[in-house]
Structure formats: C-alpha cells, structure tokens
Amino acid sequence: MNLDQILRTEIQRAVSTLFSQSLQDFQVQPTNQEFDGTHTLVCFPLTKISRKSPEETAKLLGEYLVQHSGITERFNVVKGFLNLELKDSVWIEVFQSIHANANFGQLPFHGREIMIEYSSPNTNKPLHLGHLRNNFLGFSVAEIFKANGYKVHRVQIINDRGIHICKSMAAWRLFANGETPESSNMKGDHLVGKYYVVFDKTYKSQVNDLVGKGMAEQEAEKEAPIMKLAVDMLRKWEQKDSDIVALWRTMNSWVYDGFNATYARMGVEFDKLYYESETYLLGKEEVLKGVEKGVFFRKPDGSIWVDLTPDGLDQKVLMRSDGTSVYMTQDIGTAILRFTDFPNIVGQVYTVGNEQEYHFKVLFLILNKLGFEWAKSCFHLSYGMVDLPTGKMKSREGTVVDADELMQEMVNEAERQTRELGKIEGWSEDETRPLFEMIGLGALKFFLLKVDPKKRMLFDPNESIQLQGFTGPFIQYTHARIRAILRKAAQMKISVAAKDLKNLTTLEPAERDALNVLSLFESKVQEAAREYSPAIIANFAFELAKEYNKFYQNIPIFSEDDQVKLRFRVAFSESVADAIKKAMSLLGIAVPDRM
RNA sequence: GGUCCGGUAGCUCAAUUGGAUAGAGCAUCAGAUUUCUAAUCUGACGGUUCGGGGUUCGAUUCCCUGCCGGAUCACCA
C-alpha cells in the first residue's frame, strides 16, 4: 500500500467537500520532531481556495480528516501547518505490506534500458582517490537505476592510447632495464605509474638544463630528449610500428592486471569495455556529414568548427586543419557507437569530474544539432574534486592518495579497531578476513558517497577511518545486531507469518518513528535515481539505523510477555535488517551478519 | 575578463526543491551496561546560513549587487 497516495487522496477529498474546489498541487511534508504527528499539510497555499485564514483552514481539514478519512487519529495545528497523527492500525497495515513484500525497495522492471559509464582511467598510472569516488558513484547509480526497474549497461572507456602512456613507455625503455611486474614483484599499474613519474622528473631536469644553456623555455619543453622520444613513440604507434605496438600492448596488459585487482577489491564491475585505441578515429564521418548538413563549417585552413555562440557558448574545433580528430570528435563517435551497440537504451550517464562540465555541455548540444533524439537524455553525472587537507593531489609528481594503499589502510584500521573491541575471539581467519574487508571498504565507500556528488569534498584520512557516527560501520553494526536478534528468534523457534500480525492493535512511539522512516524507502530509491544521488540513499540508511537503534535501546523484545508484540518486533527487526541490507547494497556496501 | 559550480555550528556534511524555533555526525562536557552486541543510547554546549538590498504570509533556497574559493573558456585528453 502506498500511504502517501492514500493520504493525498483523502486530503483532496476533504478539500473538495469542504471548499468545493479541486486541489492539484499541494505539499505534504514530514512533521518536525518537536510536534506530534508524522505528516504535515502546509495550508498557506490553500487559503485562496478556502477563503479562510491558514489556521482556520487547517483546523477544518483536520476535523474532517479525523471524522471521515479513517486513517487519521488526531491532528494539531501550528500556525498554518496541519500536523496529522495517523492511526496505529494504518501503520500496522503499512508494515504488513512491507513485511509481505520480498521486493520492497525494488521497483518492477519497466523495460527501459540505460547506459552508465564510469571509471574510464588512463593507462599510465594506478587508480587514485578521485577514481574511487568516480567508481563508487557510478557503480552505485547503476544499482539505483536497477532498483528503479531499469536494465543497466555499465561501461567504461579505457584511455589506452596517447601521449600519456607513451611517456611511461619512454621512461621504461630508458631506465627500466627490462623490469616487469614479476621481476620487481610490483602490481603492473604501479610499475607503469612509477615510470610515468620517472618521465616527469627526467623531463623537468632536461628542460632545466636546456634553459640553463640559454634556450627559451617553450622551445626547451619541445626539445627535451625524453619528450622527443615519447612523441616519436606516439607517431610510430599511430603508424602501427610493430615494435612500439608490442611494447604498448605489454605495458597496457600489466596495467589491466593491476586495474582488475583493484576493481575486484573495490567491488565494482563492468558489462562492456570500450578502448580508446579502437574508438579514437570514430566521429570523423559524423563531423563531415555535419558539414554537409550545414551544422558545422569549414575554415579556410581546412579545420572544421561548430558555432555555438547562438547557445551562449564559443566556437569549438571538431577537426584539425591536418584532418586529425580531437577529443570532442571521438566522443561524438563513441556516443553514436554506443547507441548502435545498444539500440534500446534511452540514455547515457557519464560519470566524469566537474572539470569537464563544459565539454559535456558542448557534446550534448552537438549531438542534438546532429539530430539525435537520444541526446536529450544524456546526462553528465558531474562530481566535485576530492581535496586533501594537505592540498591537491598531483599524479605527475606522485603525490596522490593511491587507491590500493588507501583501501589497505582502511582494512587495516577496521582490523585494528575490531580486534580492540574483542568481538571476534575464536573466529577463524576465513571469517575475520571478509569482515575486515567489509568494514574497511564499507567505511570508505560510505564516506565518499554520503556527500552530494556535485559538491567538492574534503578527504581527511583521520576522520575517514572513523567507525562511529554517520559512517558505514555504524549501519553495518546495526544490521549485525539485528541479525543476532533474528538468530535468537530462530533458536526460540519464533517465526512470524502474516497472520501473526493481524492481532496487533497499538504501537510504541519508538516503533512508530522507526516504521515511519522504513516506509520511506521506496520513495528514496526513486528520488535517488531522479537526482542521480547515492547520498540520498546513504542518508536514508543512516536515518533508519538511527531510529532502529533508539527502538532497540528502549524496547525489549524477548522479555515482552505479549506474544503478539514480541512477534511484531521480531518481524519488524527483520524488515529493517532487510531494508538496511538493500539500501547499503545500492551503495555497493556489503553488511555482515555479525561483527 | 566571460561562463558554470560552491560559501550553512570549531570541523565534515544535511535541510523534503519557497515552509514551522536551520538539523546530523565529529570534537567538548555530563550521564546510561546484573538486560536482545556500548562500533550503542540519553542530555548539554555550539548559528548574523559570506555581506547588502529586493520579491511575499514565509527565503539557506528565487532575483539584483558586492566579497571569497574552485573549475572552465586549447587545432590537450
């Protein structure tokens, strides 16, 4: 049953009876903690219809609802706010429908498909903190769309070619003496990343030398031998030089091995991979077609441009005068390729940092101009940078928070704190390892997802390993405690069927409060998809855990004499545990049965 | 300089898209464990919502203006 819907219908009926006018848009909001009730009707906008003061309007509606609606127990009016207390019987009915619904929180499949892109790293260095936010966000949004009844295609485009990987290749050739991941016992992505840093250091010192010898800085940057080597490698790669291509393949394969290990630990997956080396030439045809259609224009030097000044933007180059393509050209081609690969998708979500907002604005505009209907449903899931207390991360200088290291630290911290609490005595290694992973990764994911994606956020290592308060482990702990109750109930042979709940007539305030939060789950799942925001789910999960903990603290379960109440509380705990588990899985976070 | 984000408690973040006396967590202080897991719960302290105007029953939210921080405006990706 949909409580909101029923309540809205009742309110509309009350308004049309009392004021003989129909009411379309009106606001029902949660009641503030300090007042009695759970639902509040804001009556100020209704005064036009009622032709009475807000207070009087609220009072009349309240009286009507109590007498006629059958769902309202009491009401109170504060200024123009009508606070409604619903009957316990209504809450019990709400709970019954939740408890009976194994798919609570999962909306039915409606046939629409959507593509969600995330991660999309360069292959010259390991993943870092920014990638963690990106991956967790993208993966979570994909889960949220699934829960909203979509079929989701998770993809990434791997930026496997270009000057960046050639830099690592150049430095490796010069300095590595044939070092491999096996020979150095180093993860492949870290090994390649190491030579990217070596490149940068070498490059800088070579530029300095040249400048010291009197060369202009700009010229020195072009003339530095190691840079010339990298550029030469890129040129040869484009000519399919077999030696360079072989090196490129080898080094990329090291990186993929490393990435796969990182993704596995992160718990993210992809349904299809795109490689830039296979797509970077796409889009040229579309651009040429666009010229014919008159959407784009050619400048005298042969370069092709789009004029976006009518849209308040600038002119943008789409093909260089030498006929080669740019980033935008590739993205046009790739977008079209994806809609060809997956003809049923209704849109694409690009999980990419907010520094590319302009790029995507332009991309979507261009696709629109080219006449692609689906361009309207493309969305840039833009997220803010993750800052460190010490300042910015610089990957070229190697001053990044490495994803692998950070995950390991989180797991270590989880282990340290768990051992300190002494709750795992007698556990085997096979049991403790997964638990530490769950807690460590849960803390990290929750920390990165609880903040509104579009906001820039601060990553304070000391605070992030907190396991108390508004954290993943707090919620995991709540789940584990509930599972303990359910284990005990099973031992006592208490299993709850729907008919056991029929005789329940009243609820404790703490039960009502927690149930009220629980009942919001599905609307939060919808809201999270509408806003592309896992933060909404994170906040919901926290609220639910908090309300349950209050209930847990105040209301005994097994010492309750009334068997009807006892059974309800067990069933209720079961539903809360289930919702917590589902909500957390929407964030990509696993919850333990004991901790 | 143009454009786009952001500025809320000491710190990190919320605020149902215009609603009530702006809420949580952390930190600080004071309490709760013969009881289903204290990674918990209860309470206290903490605010000129960056400043100034405007719109209205009502503004953290919308408009104007100024200040601060960031991103972006490449024939880079």
Side-chain angles (χ1 to χ4, degrees), chain A residues 27-35 40 42-45 47 53-54 78-81 83 122 159 161-164 276 280 299 301-305 312-314 316-328 330-331 353-359 361-362 382 384-385 387 389 392 414 417-418 420-421 423 439 447 450-452 454-460 462-464 466-471 473-478 480-489 520 523-524 527 531 535-536 539 542-543 545-546 549-550 552-560 569-570 573 594-595:
Chain A
Q27 204 180 0
V28 177
Q29 61 187 39
T31 304
N32 274 16
Q33 277 294 330
E34 59 196 296
F35 302 114
T40 294
V42 184
C43 292
F44 298 96
T47 53
S53 72
V78 182
K79 296 186 190 170
F81 297 91
N83 301 323
N122 289 353
N159 301 305
R161 55 129 246 142
I163 192 68
H164 50 81
E276 196 199 344
Y280 81 109
K299 285 195 176 174
D301 64 3
S303 59
I304 296 175
W305 295 72
L313 303 174
D314 301 324
K316 189 89 188 166
V317 68
L318 298 177
M319 201 180 288
R320 298 187 184 101
S321 48
D322 63 6
T324 57
S325 59
V326 293
Y327 180 41
M328 186 63 72
Q330 295 175 37
D331 266 10
N354 63 8
E355 68 272 13
Q356 295 202 32
E357 261 166 27
Y358 183 75
H359 172 78
K361 199 182 274 183
V362 172
S382 164
M385 195 187 274
D387 286 320
K392 276 189 188 177
Q417 295 197 30
T418 305
E420 203 171 280
L421 288 167
K423 294 189 179 185
I439 297 173
F447 187 89
K450 70 181 179 185
V451 180
D452 184 346
K454 60 176 175 287
K455 284 198 173 172
R456 197 185 173 107
M457 69 180 292
L458 183 76
F459 183 85
D460 184 335
N462 295 324
E463 196 196 330
S464 64
Q466 283 281 352
L467 308 183
Q468 292 94 23
F470 188 9
T471 66
F474 170 90
I475 298 165
Q476 290 173 320
Y477 177 68
T478 305
R481 272 207 312 203
I482 299 177
R483 298 308 309 180
I485 285 174
L486 298 177
R487 279 193 298 274
K488 185 167 178 183
L520 298 174
S523 71
K524 293 292 180 186
E527 192 186 342
E531 306 285 330
I536 288 166
N539 278 283
F542 178 62
E543 278 304 314
K546 218 165 42 158
N549 282 336
K550 283 182 196 169
Y552 179 93
Q553 203 79 21
N554 293 323
I555 297 177
I557 295 178
F558 295 111
S559 55
E560 173 64 53
R569 285 169 195 168
V570 170
S573 299
R594 54 182 94 212
M595 68 185 273

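Just so we're on the same page: letters track the sequence lines, and every chain starts at 1. Atom set for the values below is all heavy atoms of this structure, side chains included, hydrogens, waters and symmetry mates excluded.
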**Item:** Counter-base of B:rC41, judged by Watson-Crick or G-U geometry with both distances under 3.5 Å
**Value:** B:rG31
**Request:** With a 3.5 angstrom cut-off on both distances, give the Watson-Crick or G-U wobble partner of B:rU48, or none if there isn't one.
**Result:** none
**Request:** Indicate, with a heavy-atom threshold strictly under 4.0 Å, whether A:Asp452 touches base, sugar-phosphate, or nothing.
**Result:** sugar-phosphate
What integer distance in Å separates [X]:[atom1] from [N]:[atom2]?
{"X": "A:Glu355", "N": "B:rC76", "atom1": "CD", "atom2": "P", "value": "19 Å"}
{"X": "A:Asp314", "N": "B:rU3", "atom1": "CG", "atom2": "C1'", "value": "9 Å"}
{"X": "A:Met595", "N": "B:rA39", "atom1": "CE", "atom2": "P", "value": "9 Å"}
{"X": "A:Glu560", "N": "B:rC36", "atom1": "CD", "atom2": "C1'", "value": "13 Å"}

Under 3.5 Å, which N/O atoms of the protein pair with N/O atoms of nucleotides 28-35 of chain B?
none

**Where the chi angle of B:rU35 falls, syn if within 90° of 0 and anti if not** = anti
**Asked** Under 3.5 Å, is there a donor-acceptor pair between the A:Arg456 and A:Asn354 side chains?
**Response** no
**Asked** According to a strict under-4.0 Å criterion, is A:Lys455 in side-chain N/O contact with OP1 or OP2 of B:rG7?
**Response** yes
**Message:** Taking only side-chain N and O atoms of A:Gln29, does any of them lie within less than 4.0 angstrom of OP1 or OP2 on B:rA20?
**Reply:** no
**Message:** If you define the side chain from C-beta out and look only at heavy atoms, does anything of A:Phe447 sit under 4.5 Å from A:Thr471?
**Reply:** no
Taking only nitrogen or oxygen atoms into account, show me every contact under 3.5 Å that the protein makes with nucleotides 22-26 of chain B, one pair per line with its distance.
unit_1 : atom_1 : unit_2   : atom_2 : d
B:rG25 : O2'    : A:Phe470 : N      : 3.1

